[in-house]
Number of protein chains: 2
Amino acid sequence: MNASDTQQRHELKVDLVAVVTAVIDGDPRALTIRRGSALPAGPFELGHRSLQAGLRDWVEQQTGHPLGYIEQLYTFADRDRIAEEHARRAISISYLGLTRDEWSASQPPRDWQSWYSYFPWEDHRAGVPSIIGDAILPHLKRWTEEVGGTAREERRQRIAIAFGIDERPWNEELVLQRYELLYEAALVEEALRGRGEERTPPVPGRPMIADHRRILATGIARLRTKIKYRPVVFELMPPVFTLLQLQRAVEALAGRLVHKQNFRRLIEQQELVEETGETTFETGGRPAKLFRFRPAVLMERTAAGTKLSVPRA
Amino acid sequence: MNASDTQQRHELKVDLVAVVTAVIDGDPRALTIRRGSALPAGPFELGHRSLQAGLRDWVEQQTGHPLGYIEQLYTFADRDRIAEEHARRAISISYLGLTRDEWSASQPPRDWQSWYSYFPWEDHRAGVPSIIGDAILPHLKRWTEEVGGTAREERRQRIAIAFGIDERPWNEELVLQRYELLYEAALVEEALRGRGEERTPPVPGRPMIADHRRILATGIARLRTKIKYRPVVFELMPPVFTLLQLQRAVEALAGRLVHKQNFRRLIEQQELVEETGETTFETGGRPAKLFRFRPAVLMERTAAGTKLSVPRA
DNA sequence: CTCCTTATGCTCAAAATAAGCATATGCTCG
DNA sequence: CGAGCATATGCTTATTTTGAGCATAAGGAG
């Protein structure tokens, strides 16, 4: 019964999946294909020099978008979720990519979709979204009541932590935990698949094929964690920008507002940016100084300990 | 020339590799096979229910050690490093496991090897190891001089950050960066393989087969990062312990000493532990109170934000 | 009984955070 | 053209978190 006894020929399909993010018009967006229903992805093949190279190939081929910074996210084996009786096993290696939207008139427009069309409960910039109180929590409450004893208490605990109830603060990093909860409670479309249940999912938010929405959640969570201790916003910003633009980008990613003055102080004391000497009038109001990232910082992205925290609102 | 044109049959071998860690006799150790030359590992097979399940199978089979807490580390494709002309591609999915050494007389003893026999430069508990100044830095300096211009400056920078020179503090988390530097500079045995070079590596530290030492470095780095923001030491501690024992475990992992009083304050204010009411005399000196982890904390390991920082010495 | 060892409580200064107040400088509209 | 509005930016204050050290307690060994 041991796995090593089953000396079958392994035929493992390995897929590469990309969560490519940019901030466009103040919204954090993911690069998608098929009108938002899937992330760029394709099999890892013998012709690929490396996992990263394979991923870049696929993304560029499917979306026309060249990748800059990428980092590995997570490797999933298709979960029990998916009906897979004699299906070949598939493994998905996912990556997080950060870019800007480089468009030109000669290229077809890319398919950038707002994160928050998939996860409407994640955007707290204009306060706590009403779906949380209106739809999510009531359904989750019912879900806790399906079981008894310690199991119920455990569900309650998980919900309280994930959604910040009972005095608990909202923790924007728990994107994946929240999605997994909704999945377990069968409140999202993906969880209803293959069960023969055709009812519309009780919680709003666009689904994706296979596990892609879960992978996107993983990417968002990673990015929200990472901006706090490593200067990765760079990759998302144009060469020059104002401090407010930088702040808006961080807020878009974190899904929450930050204290303006403290944000500025933080940026300055971290010595992440330097003034270009120019100012811009385009922002309306008093003209804003323009900044660029300091070259040293760009270099240190491999190692150093620069951080860019997201203070509370 | 595009990868998708090469419609070959993909035959990808997927291996599971485990970095299993315990703290034994005050030393952080990794579970190995073949007398320390390899980490437990084996192919992911159709019989395995999941990646994790497959990993557990292999580790248990090869070492007799049952796994508790595990988390995914990283997925590697065999790098260009390894000569692989028409070799089948292999992918290694690595995991980090945390346990205690559960031994019984009826079982053969496990092969636990100290981290620091592979990475002697990583243990700063008794001060900066002399190999850094005696062997590593001189060789690295020579390596910077192999190139000129900005490339040289870049190498210098990387070294300065990784090893904490020029006023920079030692950052214990940069385990992987340090190993990669030594690899690139061809100072470790693994880098000399397949080059026909038989000379002994200039820097001490035990090698492992294939990429295993790199995977171990990845695991150490992850654990050193993680103890700072999530209470994972638990998994490594016995059910009851004194605060000094807990501190020694953290120090073993971090490879550096911490301020005793501050460490205690931190533990207490985090409410990670509770007194058992007992004390032990076994420590010599004044008897120490015994503690256990609070059950709530054990539950929260999925989500919450408890941290256990490693203050400077 | 003294010294040595470990445990534990408490204080103090420095640094980092969170929140506000105040002022500067442009634009738009009546 | 002046009022009101919007954005930018400087500075202050209270609180919390860290880093470091002093002092005392409680056992054992000689």
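Proteins come first, then strands; the chains are lettered A, B, ... in the order of their sequence lines, and each starts at number 1.
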Q | Criterion salt bridge (Lys or Arg N to Asp or Glu O under 4.0 Å) against B:Arg224, the qualifying member of B:Glu172, B:Glu173, B:Glu251, B:Glu122 | A | B:Glu122

Q. B:Arg264: what forms a salt bridge (charged side-chain N to carboxylate O under 4.0 Å, His left out) with it, not counting sequence neighbours?
A. none

Q) Roughly how many Å is it from CD in B:Gln261 to C1' in D:dT24, rounded to a whole number? A) 12 Å

Q: Mind calculating the distance between CG (B:Leu290) and C1' (C:dT6) to the nearest angstrom?
A: 14 Å

Q: Would you indicate which nucleotide in D:dT7, C:dG20, C:dT8 comes nearest to any side-chain atom of B:Lys289?
A: C:dT8

Q.
Measuring only between side-chain heavy atoms, which start at C-beta, is B:Leu181 closer than 4.5 Å to B:Arg158?
A. yes

Q: Just compare C:dT8, D:dT9, C:dG20 and give me whichever is closest to any side-chain atom of A:Arg264.
A: D:dT9

Q) Taking CZ from A:Phe263 and P from D:dG10, how many angstroms apart are they, rounded to a whole number? A) 15 Å

Q: For C:dT8, take OP1 and OP2 only and decide whether either is under 4.0 Å from a side-chain N or O of B:Lys260.
A: no

Q: Return the value, rounded to whole Å, for the distance between atom CD of B:Glu268 and atom P of D:dT17.
A: 15 Å

Q: Quick one: list whatever passes salt bridge (charged side-chain N to carboxylate O under 4.0 Å, His left out) with A:Asp27, sequence neighbours left out.
A: A:Arg125

Q.
In whole Å, I'd like the distance from the CG atom of B:Asn262 to the C1' atom of C:dA15.
A. 14 Å

Q. Is a donor-acceptor pair below 3.5 Å formed from side chain A:Arg265 to base C:dA16, judging by atom type as modelled?
A. no

Q: Return the value, rounded to whole Å, for the distance between atom CZ of B:Phe281 and atom C1' of D:dA26.
A: 10 Å

Q) Can you tell me how far P of C:dT8 sits from CD of B:Gln247, to the nearest Å? A) 12 Å

Q | 5' priority, DNA chain D, between B:Arg286 and B:Gln269 [closest heavy atom] | A | B:Gln269

Q.
Mind checking if B:Leu243 touches a base, just sugar-phosphate, or nothing, with heavy atoms under 4.0 Å?
A. nothing

(Q) Rounded to whole Å, please give me the gap between CD1 in B:Ile267 and P in D:dT18. (A) 13 Å

Q | Distance, nearest 0.5 Å, that separates CZ of A:Phe163 from CG of A:Leu140 | A | 5.5 Å

